There are 2 protein chains.
Amino acid sequence: MAEFLCGLDAAVAVVGGKWKPLILWALSVRPRRTGELRRELTGVSEKVLVQQLRELERDGVVRREVHDQVPPKVVYSLTDDGVALDRALRPLGDWGEERMVEINSVRQGGAVAPP
Amino acid sequence: MAEFLCGLDAAVAVVGGKWKPLILWALSVRPRRTGELRRELTGVSEKVLVQQLRELERDGVVRREVHDQVPPKVVYSLTDDGVALDRALRPLGDWGEERMVEINSVRQGGAVAPP
DNA sequence: GTGGGTACGTACTTCAAAGTAGGTACTTCA
DNA sequence: TGAAGTACCTACTTTGAAGTACGTACCCAC
């Protein structure tokens, strides 16, 4: 029912979750356990974190490795497609970084420079 | 209340609307009137189209020019920031294009190859 | 004078994503 | 003994984006 109209559409759908950009950024630094991610992404609930990780896994950009031990240990990392996605996101991240302040102010304050 | 944590976060927020990638793509080809966009993006409602155009304008990537005539004529085009955004989106679009089919099938069918 | 085109605005509804709050089964540490 | 950590799952509620359906004011062609 989604039916993407162009590649950009599909890519935005993959990274479009509220926490997905941050998850991908964290995993691009190094693989992480669930708890590490939860502590890194302050404010995320466990439900949504696991949900978005599963979606990223389904979309083929994140790998989930279960180490069968007690207590459980699950490690998430980027697949080859995930690494390629991360590289494709770099220019976009740079674009955003340069404009973060303006975008932020324009989205809440309204005016650019309050007196 | 948004408060972006990284540039990627901010950029995804800008292009994150349902029709925004398509709007940006259309405007990157050439400037358009409202009606042209509405006809190009099959399925979009006038309300949402105008809404997303206003948000893109607020975020500084789209320029809105009103020609004061009757019947009204409004032309939308990309600003310099918008052109830069479009360029930054190219690698992401390419990434999505190469994986559109898989992403689509994995998101509705479930299995990769139905018999 | 009626229908179509221009570019909106506004009120209401729908629906999916995200948030909240609980539970599971097992272990280690104090 | 009981509190804390591991990585989840499930049910329910909230939120906000998008969709639907109308109205505006003006013009032109038929």
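Chain letters run A, B, ... following the sequence lines, proteins first and then strands; every chain starts at 1. As the structure is a prediction and not an experimental result, all values here were calculated from the model.
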Review point. Would the number of heavy atoms belonging to other residues, nucleotides or ligands and lying under 6.0 Å from CH2 of Trp19(A) be above 12?
Key: yes

Check your understanding: Taking it one step at a time, do Arg32(B) and Glu40(B) satisfy side chain to side chain contact (heavy atoms under 4.5 Å, CB included)?
Key -> CA-CA 10 Å; Arg32(B) 314 263 183 164; Glu40(B) 181 118 356; 2.9 Å; yes

Practice item. Verify, without hydrogens or angle tests, whether Glu36(B) (side chain) and Arg33(B) (backbone) share a donor-acceptor contact under 3.5 angstrom. Key: yes

Review point. Are any side-chain N or O atoms of Arg87(B) and backbone N or O atoms of Val83(B), one a donor and one an acceptor, separated by less than 3.5 Å?
Key: no

Nucleotide [N], atom [atom2] - distance to [atom1] of [X] in whole Å:
X	N	atom1	atom2	value
Lys73(B)	dA7(C)	NZ	C1'	14 Å
Leu49(A)	dA21(C)	CG	P	18 Å
Arg38(B)	dT6(C)	CZ	P	6 Å
Arg39(B)	dG4(C)	CZ	P	15 Å
Arg54(A)	dA18(C)	CZ	P	16 Å
Glu65(B)	dA7(C)	CD	P	14 Å

Practice item. Take His67(B) and Val74(B) through the side chain to side chain contact (heavy atoms under 4.5 Å, CB included) test and state the conclusion after the steps. Key: CA-CA 6 Å; His67(B) 300 250; Val74(B) 177; over 6 Å; no

Study note, to complete from the structure: In B/S/- notation (B base, S sugar-phosphate only, - none; protein heavy atoms under 4.0 Å), nucleotides 11-30 of chain D written 5' to 3' is B------BBB------S---

Review point. Looking only at side-chain N and O atoms, does Tyr76(A) come under 4.0 Å of OP1 or OP2 in dC8(D)?
Key: yes

Exercise for review: Could you go through the side chain to side chain contact (heavy atoms under 4.5 Å, CB included) check for Val61(A) and Asp86(A) one step at a time?
Suggested key: CA-CA 9 Å; Val61(A) 296; Asp86(A) 180 59; over 6 Å; no

Check your understanding: Leu78(B) and Leu85(B): same hydrophobic cluster, using ILVMFWY side-chain contacts below 4.5 Å?
Key -> yes

**Study point:** Single-linkage hydrophobic cluster Leu56(B)~Val50(B), side-chain heavy atoms < 4.5 angstrom
**Key:** no

Check your understanding: What residues in residues 21-35 of chain B put a non-hydrogen atom under 4.0 Å from any atom of DNA chain C?
Key -> Arg33(B), Thr34(B), Gly35(B)

Exercise for review: Show your working on side chain to side chain contact (heavy atoms under 4.5 Å, CB included) between Arg64(A) and Tyr76(A) and close with a plain yes or no.
Suggested key: CA-CA 5 Å; Arg64(A) 177 170 178 265; Tyr76(A) 294 94; 3.4 Å; yes

Exercise for review: Flag the pair Leu49(B) / Ile23(B) as yes when at least one side-chain heavy-atom distance between them is below 4.5 Å, and no otherwise.
Suggested key: yes

Point to revise | 4.5 Å side-chain heavy-atom contact, Asp59(A) and Glu102(B) | key: no

Check your understanding: Is DNA chain C part of any stem, that is, at least 3 consecutive Watson-Crick or G-U pairs with both distances under 3.5 Å, and where?
Key -> C:1-30 with D:1-30

